[in-house]
Structure formats: structure tokens, C-alpha cells
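Single-structure report; data block below.
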Amino acid sequence: MNGKPLPLTIAIDGPAASGKGTLARRLADYYHLPHLDTGLTYRAVGHALIIHGLPLDNVSAAETAARQVDLGNLDREALSAHEVGEAASRVAVFPTVRKMLVDKQRAFAAQPGGAVLDGRDIGTVVCPDADVKLYVTASPEVRAGRRLRDIESRGGHADLSEILADIVRRDERDMGREDSPLRPAADAHLLDTTEMSIEAAFQAARTVIDAVLAKRNGA
Ligand SMILES: Nc1ncnc2c1ncn2[C@@H]1O[C@H](COP(=O)(O)OP(=O)(O)O)[C@@H](O)[C@H]1O
Ligand SMILES: Nc1ccn([C@@H]2O[C@H](COP(=O)(O)OP(=O)(O)O)[C@@H](O)[C@H]2O)c(=O)n1
């Protein structure tokens, strides 16, 4: 795209390893928008507790860590470990932690040109007025296979059935929590990538976004 009207805010949600981050980065690049992977903010909190040897149900330590999260300084490499994702979903149930992180995420989303954000509650809570909302999903088995390949590509080893069990447990926790559970916003476009390549998912998302932009332009 070139010369597309701004601002444009794109909200992408979905369960673990559905491909939302890959899609978000691709769309941000294509539409020249800043991107925030909000999962990294929850991962940063979980990671802080792990490295200080603190239990993951220590709310006040999680609050302190959440207050210190700096969006400009999120180390994707250090935060990408599978167990940090699990820790993130444990601390993500605390409403006070969520509020601190959501405030930072909303400030990012409020940039004049718009932004792409991906996570679990972007279309429902962080950016309920987003121009485009996508809910990316895929079968748990396919998602577990993708996560396993991620781990192996970083030189790690893991067991597919354990990864699958972790993913199912994380889905249940994320969908079942009281505050901001994972669910598609009523006006989200569903994108099931179970049998879609990264390129096909990108093209499908582009079709949705370009239709929204065309409508906005009165086409
Ligand atoms: N449509 C797709 N088909 C195949 N692999 C994909 C697809 N989308 C993403 N992936 C791969 O799956 C893995 C998880 O994707 P990622 O974008 O990190 O998921 P999420 O952000 O939802 O956790 C990555 O290795 C990515 O390259
Ligand atoms: N907007 C968000 C983003 C992540 N999270 C939590 O953070 C965890 C890690 O998110 P992530 O997006 O990095 O995880 P993956 O989908 O990459 O495995 C999720 O399992 C959620 O519990 C959240 O509650 N809200």
C-alpha cells in the first residue's frame, strides 16, 4: 500500500502461537505503522518474578514489575522462552497488573498515525474503537507444532504432547479469567490459519483492511 489515509489502528487478538504476532509485524510493515506485541509486556512481568525467584502469585511484586515495564525496552529474545509465556498468563489474571499495562498500551495506540497491537484483549479492552479488528486462531495441534518448531529453531528441545498440553492449559486460563478474558470482539473478523500459510493469512487480512479503508474513502 502507498498513500493510504491515516490514522489506522489495527487490533489483533488470538490464542498462543496462532500467528497473530507474525501477522501483526507483516501488517505494520506493509501499512507503515508502529507495532506493539502486548504479550511482551505480560512476559516482562512474569520474567521479572522468575529472575528474582518470586512466586508467580505474588501480586505486589507483579505490580511493581508492571509499573517498571518500559515499552521501549522489551527484550523479545529474553522474553520469548516458552515458560515465560506460561508465567505471563499467571500474572495476567491480576486486574491491577492488567490496568497498569493496559494504560501503557493505550498510550502507544494513541499515536497520531495509528498503530498495530496484538494480544488477547486488544479489540475488546485496549482499543475497542480500532478501525480493524482481527481474531486469529488455529487448531491447538497446529499451534503446538508451530511452537515446537520455534523452540527447535532456537536450538531447544521439547515434547510435542507437553507443548500441546501447555497450550490448552494456557487457552483455558486466558479464556476463563474474570478480567479481560480472551474472546473475539463482536466486530472482529475471524481468521482461522489452521490451513493457511503466513502469506495467505497476510493476504486475507489485507483484503479486510483494504475494504475498511475503501469504505472510509467513500468507495
Ligand atoms: N499461517 C501460518 N502458517 C504457518 N506457520 C505460521 C503461520 N503463522 C505463524 N506461523 C509460525 O508459527 C509460529 C508462531 O507464530 P507467532 O506469530 O509467534 O504466534 P503468536 O504471536 O500468535 O504467538 C512462528 O514460528 C511463525 O513463523
Ligand atoms: N493483551 C494481552 C497479551 C498477553 N496476555 C497474556 O500474556 C500471555 C503471553 O502472551 P503472548 O502473546 O506473548 O503469548 P504467545 O501467544 O506468543 O504464546 C498470554 O497467555 C496472556 O495470558 C494478556 O493477558 N493480554
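In listed order, ligands and their atoms are each counted from 1.
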* Scan side-chain atoms only and decide if Arg170 and Ser89 contain a donor-acceptor pair under the 3.5 Å cut-off. => no

* Asked: Would you say Arg177 contacts ligand 2, with heavy atoms under 4.0 Å as the rule?
  -> yes

* **Polar contact flag for Gln105 and ligand 2 (N/O pairs, less than 3.5 Å)** => no

* Structure fact -> atom 6 (C) of ligand 2: closest protein heavy atom, distance to 0.1 Å, is Ala92 CB, 3.8 Å

* **For atom 12 (O) of ligand 2, the option (of Arg146, Arg120, His82, Arg76) bearing the nearest heavy atom** => Arg120

* So do Val125 and Arg98 actually touch side chain to side chain, heavy atoms under 4.5 Å? -> no

* Could you tell me whether the side chain of Tyr31 reaches within less than 4.5 Å of the side chain of Val132, counting heavy atoms only? => no

* Taking distance alone, with no angle check, do Lys20 and ligand 1 share an N/O pair under 3.5 Å? -> yes

* Tell me: protein heavy atom nearest atom 11 (C) of ligand 1, and distance? -> Arg146 CD, 4.1 Å

* To do: Identify the residue among Arg169, Arg90, Arg120 that makes a salt bridge (Lys or Arg N to Asp or Glu O under 4.0 Å) with Asp174.
  => Arg120

* Which atoms of ligand 2 are found less than 4.0 Å from any heavy atom of Asp121? -> 1 (N), 2 (C), 25 (N)

* Is the closest side-chain donor-acceptor distance between Thr193 and Arg146 under 3.5 Å? -> yes

* Which residue supplies the protein heavy atom nearest to atom 22 (O) of ligand 2, what is that atom called, and how far is it? -> Asp174 OD1, 2.6 Å

* Structure fact -> Contact region, Ser197 to ligand 1, non-hydrogen atoms below 4.0 Å, reads backbone

* **Note, Leu27 side chain near Ile12 side chain (heavy atom, < 4.5 Å)** => yes

* Which protein non-hydrogen atom lies closest to atom 19 (O) of ligand 1, naming both residue and atom, and how far is it? -> Gly19 N, 3.2 Å

* Which heavy atom of Pro7 sits nearest a heavy atom of Gly114, and at what distance? -> CB-N, 3.9 Å

* How far is atom 21 (O) of ligand 1 from its nearest protein heavy atom, and which residue and atom name does that atom have? -> Gly21 N, 2.9 Å

* Beyond-backbone contact of Pro15 with Thr137, side-chain heavy atoms, under 4.5 angstrom -> yes

* Asked: Counting both backbone and side chain atoms, is some N or O of Ser18 under 3.5 Å from an N or O of ligand 1?
  -> yes

* **Protein heavy-atom partner closest to atom 27 (O) of ligand 1 - residue, atom, separation in Å** => Ile198 CD1, 3.7 Å

* If you count the atoms of ligand 1 from 1 in the order shown, which ones are under 4.0 Å from a heavy atom of Pro15? -> 22 (O)

* Asked: Based purely on interatomic distance, does Arg43 place a nitrogen or oxygen under 3.5 Å from a nitrogen or oxygen of ligand 2?
  -> yes

* Can Arg147 be said to touch ligand 2, with heavy atoms closer than 4.0 Å? -> yes

* Closest non-hydrogen protein atom to atom 26 (C) of ligand 1, residue and atom name please, with distance? -> Thr22 OG1, 3.5 Å

* Structure fact -> Note: ligand 2 atoms sitting under 4.0 Å from heavy atoms of Ala88 are 7 (O), 8 (C), 9 (C)

* To do: For a side-chain hydrogen bond (donor to acceptor under 3.5 Å, both in side chains) with Asp37, tell me which candidate from Arg25, Arg76, Lys20, Arg43 qualifies.
  => Arg76

* To do: Run the contact test for Arg98 against ligand 2 with a 4.0 Å cut-off on heavy atoms, strictly below, and give the result.
  => yes

* Asked: Between Gln111 and Phe108, is there a donor-acceptor pair closer than 3.5 Å when you use the side chain of the first and the backbone of the second?
  -> yes

* Asked: Short list, please: which atoms of ligand 1 are under 4.0 Å from a heavy atom of Met196?
  -> 1 (N), 2 (C), 3 (N)

* Is Arg147 salt-bridged to Asp166, going by a charged N under 4.0 Å from an acidic O? -> no

* Of the non-hydrogen atoms in Pro184 and Leu190, which two are nearest, and what is the gap between them? -> CB-CD2, 3.9 Å

* For atom 7 (O) of ligand 2, the protein heavy atom that lies nearest, with its residue and separation -> Tyr42 CB, 3.5 Å

* Taking atom types as modelled and ignoring hydrogens, do the side chains of His35 and Asp118 form a donor-acceptor contact shorter than 3.5 angstrom? -> yes

* Asked: Closest non-hydrogen protein atom to atom 3 (C) of ligand 2, residue and atom name please, with distance?
  -> Thr38 OG1, 3.4 Å

* Does an N or O from Ala17, backbone or side chain, lie closer than 3.5 Å to an N or O of ligand 1? -> yes

* **Side chains of Thr38 and Gln105, donor plus acceptor under 3.5 Å** => no

* Relative to ligand 2, is Ala17 under 4.0 angstrom through side chain, backbone, both or neither, heavy atoms considered? -> backbone

* Asked: Of Asp150, Val142, Asp192, which has the heavy atom at the shortest distance from atom 24 (C) of ligand 1?
  -> Asp150

* **Under-4.0 Å heavy-atom contact with ligand 2, by part of Arg170 that carries it** => side chain

* Asked: Is the shortest N/O to N/O distance between Asp37 and ligand 2 below 3.5 Å?
  -> no

* Close approach, Lys20 and ligand 2, non-hydrogen under 4.0 angstrom -> yes

* Between the side chain of Arg177 and the main-chain N/O of Val93, is any donor-acceptor distance below 3.5 Å? -> no

* Against heavy atoms of Gly39, which atoms of ligand 2 measure under 4.0 Å? -> 3 (C), 4 (C), 10 (O), 11 (P), 12 (O), 13 (O)

* Asked: Is the count of non-hydrogen atoms from other residues, nucleotides or ligands lying under 6.0 Å from Glu199 atom CD greater than 12?
  -> yes

* To do: Using a strict 4.0 Å cut-off to heavy atoms of Arg147, name the atoms of ligand 1 that fall inside it.
  => 23 (O)

* Structure fact -> For Ala66 and Val97 the tightest heavy-atom approach is CB-CG1, 4.0 Å

